Amino acid sequence: YVVKVPEGTDENELSAFLMATGDYEYAEPNWILYPADTTPNDPLFGSSWQHSRIDSAAAWDLITGSSDIIVAVCDNGHGTFVAGCAAAIGNNGTGVVGAGWNLKIMPIRVTDNTDGTANPFDLTQGAVWAAEHGAQIINVSFSGGTSQANQAAALEVKAAGGLMFWAAGNDNSLLPDVERPDYVIVASTTSSDTKSGFSNYGPPVDVAAPGSGVRSTRRGGSYGTGSGTSYASPIAAGVGAMIFAANPD
């Protein structure tokens, strides 16, 4: 039988009262229960160490994403790897899986340069455009993460209902002691939860995420591993998208 807990008491007090009568074999709360670690059938999931380190499977017990949530990737050629870190489709029996399974990806092309470089204005304007066109999460995997222009753009992104993530950079440098409260600067860690040797660090860094030898999607339909805060940032951004999916408010 399931009984309601009377006002003025709680489930533990009621259980103790019932057991004290001697009439019951057991009396336990009728909790909400969840599956035990949702494991996708993607063949490269097991070799993608980032998921075991950030307990992805436990999060997927609660939610695997939402098609209402859009992750914008402000990028160029390596944007395919970046996008896969955040939102490669999960449980489809193919390749890898991102931090979120069922998210939408909005590609924002920020450069035509053959060397993959971009200028700050195009990056920030791309991020703002993405937020104004429905993206809740915007990832920028470029250097220059502590720029004051980024803070100004981040305020516009937040005003449009989004949140911007930016890679900390790969120079193994101490970043300047500046406040950048309205977007997330992401450093990189190893599978041992230590700072990646290349990762920038210091006061502006908000969070660190796996970025050494993580596995994701590559251009042309293949898969591989890569290292950089460029990949730590979208993993953190994917987690941010999952939070949006779980609680849009």
Side-chain angles (χ1 to χ4, degrees), residues 29 31-73 81-105 136-139 141 162-168 183-201 205-217 223-249:
W31 297 120
I32 295 173
L33 305 179
Y34 298 93
D37 285 0
T38 301
T39 302
N41 61 13
D42 306 275
L44 298 179
F45 167 71
S47 61
S48 302
W49 70 265
Q50 64 262 36
H51 292 300
S52 62
R53 183 53 64 193
I54 66 173
D55 288 335
S56 296
W60 295 330
D61 288 349
L62 305 178
I63 193 167
T64 57
S66 168
S67 59
D68 294 329
I69 304 301
I70 300 172
V71 178
V73 177
F81 202 98
V82 170
C85 287
I89 297 173
N91 210 40
N92 64 345
T94 303
V96 298
V97 55
W101 296 5
N102 303 310
L103 307 168
K104 287 183 178 177
I105 297 171
Q136 292 88 352
I137 295 291
I138 297 93
N139 184 82
S141 287
L163 181 63
M164 185 170 71
F165 288 72
W166 203 296
Y183 63 105
V184 183
I185 296 178
V186 187
S188 173
T189 55
T190 70
S191 59
S192 301
D193 261 355
T194 58
K195 185 186 84 68
S196 299
F198 53 79
S199 179
N200 289 352
Y201 57 96
V205 170
D206 298 291
V207 68
S212 291
V214 296
R215 191 175 294 278
S216 187
T217 46
Y223 306 93
T225 58
S227 297
T229 57
S230 278
Y231 310 136
S233 185
I235 289 175
V239 173
M242 291 282 283
I243 294 172
F244 263 103
N247 184 356
D249 294 327

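Since the structure is predicted, the reported quantities are computational estimates derived from the model, not experimental observations.
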Open item on the list: For a 4.5 angstrom cut-off between non-hydrogen side-chain atoms, does Thr64 reach Asn91?
Closed with: no
Task: Which atom of Ala86 lies closest to which atom of Val71, heavy atoms considered - done: CB-CG1, 4.3 Å
Open item on the list: Just so I know, are the side chains of Val186 and Trp166 near enough to count as touching, which here means a heavy-atom distance under 4.5 Å?
Closed with: no
TODO: Look at the side chain of Trp49 and the backbone N and O of Pro210, then say whether any donor-acceptor pair between them is shorter than 3.5 Å.
DONE: no
Task: Ile89 atom CD1, over 12 foreign heavy atoms within 6.0 Å - done: no
- [ ] Take Ser216 and Tyr231 through the side chain to side chain contact (heavy atoms under 4.5 Å, CB included) test and state the conclusion after the steps.
- [x] CA-CA 9 Å; Ser216 187; Tyr231 310 136; over 6 Å; no
- [ ] Keeping the roles fixed (side chain from Asp42, backbone from Leu44), state whether a donor-acceptor pair exists under 3.5 Å.
- [x] no
Task: Non-hydrogen atoms of Ile105 and Ala83 that approach each other most closely - done: CD1-CB, 4.0 Å
Open item on the list: Minimum heavy-atom separation for Ser48 and Val96, please, with both atom names.
Closed with: OG-CG1, 4.4 Å
Task: Side-chain donor-acceptor contact under 3.5 Å, Ser196 with Ser212 - done: yes
- [ ] Look at the side chain of Ser188 and the backbone N and O of Ala232, then say whether any donor-acceptor pair between them is shorter than 3.5 Å.
- [x] no
TODO: Could you tell me whether a side-chain N or O of Thr229 sits under 3.5 Å from a main-chain N or O of Ala187, the two making a donor and an acceptor?
DONE: no
TODO: Check whether any side-chain heavy atom of Pro40 sits under 4.5 Å from a side-chain heavy atom of Trp101, and report yes or no.
DONE: yes
Open item on the list: I'd like to know if the side chain of Trp60 and the backbone of Ala99 have a donor-acceptor N/O pair within less than 3.5 Å.
Closed with: yes
- [ ] Verify whether one side chain among Asp61 and Thr38 offers a donor that lies under 3.5 Å from an acceptor in the other.
- [x] yes
Open item on the list: Can a donor-acceptor pair be found, under 3.5 Å and without considering hydrogens, that links the side chain of Asn200 to the backbone of Ala168?
Closed with: yes
Task: Heavy-atom closest pair, residues Asn139 and Ala237 - done: OD1-CB, 4.0 Å
Task: Non-hydrogen side-chain atoms of Ile138 and Phe165 separated by less than 4.5 Å - done: no
Open item on the list: What's the separation between atom CE in Met242 and atom OG in Ser66, rounded to the nearest 0.5 Å?
Closed with: 10.5 Å
Open item on the list: For the OG atom of Ser141 and the CZ atom of Phe81, what is their distance to the nearest 0.5 Å?
Closed with: 11.0 Å
- [ ] Decide yes or no on side chain to side chain contact (heavy atoms under 4.5 Å, CB included) for Phe244 and Asp68, but give the supporting numbers first.
- [x] CA-CA 10 Å; Phe244 263 103; Asp68 294 329; over 6 Å; no
Task: Backbone of Ala241 reached by a side-chain donor or acceptor of Gln136 within 3.5 Å - done: no
Open item on the list: For a quick test of reading the model, state the closest non-hydrogen atom pair linking Val97 to Gly90 and the distance between them.
Closed with: CG2-CA, 3.5 Å
Task: Thr189 (side chain) donor-acceptor with Thr194 (main chain) under 3.5 angstrom - done: no
Task: Exercise: identify the closest heavy-atom pair between Pro234 and Cys85 - done: CG-CB, 3.8 Å
- [ ] Give a yes or no answer on whether the side chain of Thr225 reaches the backbone of Gly213 with a donor-acceptor pair at less than 3.5 Å.
- [x] no
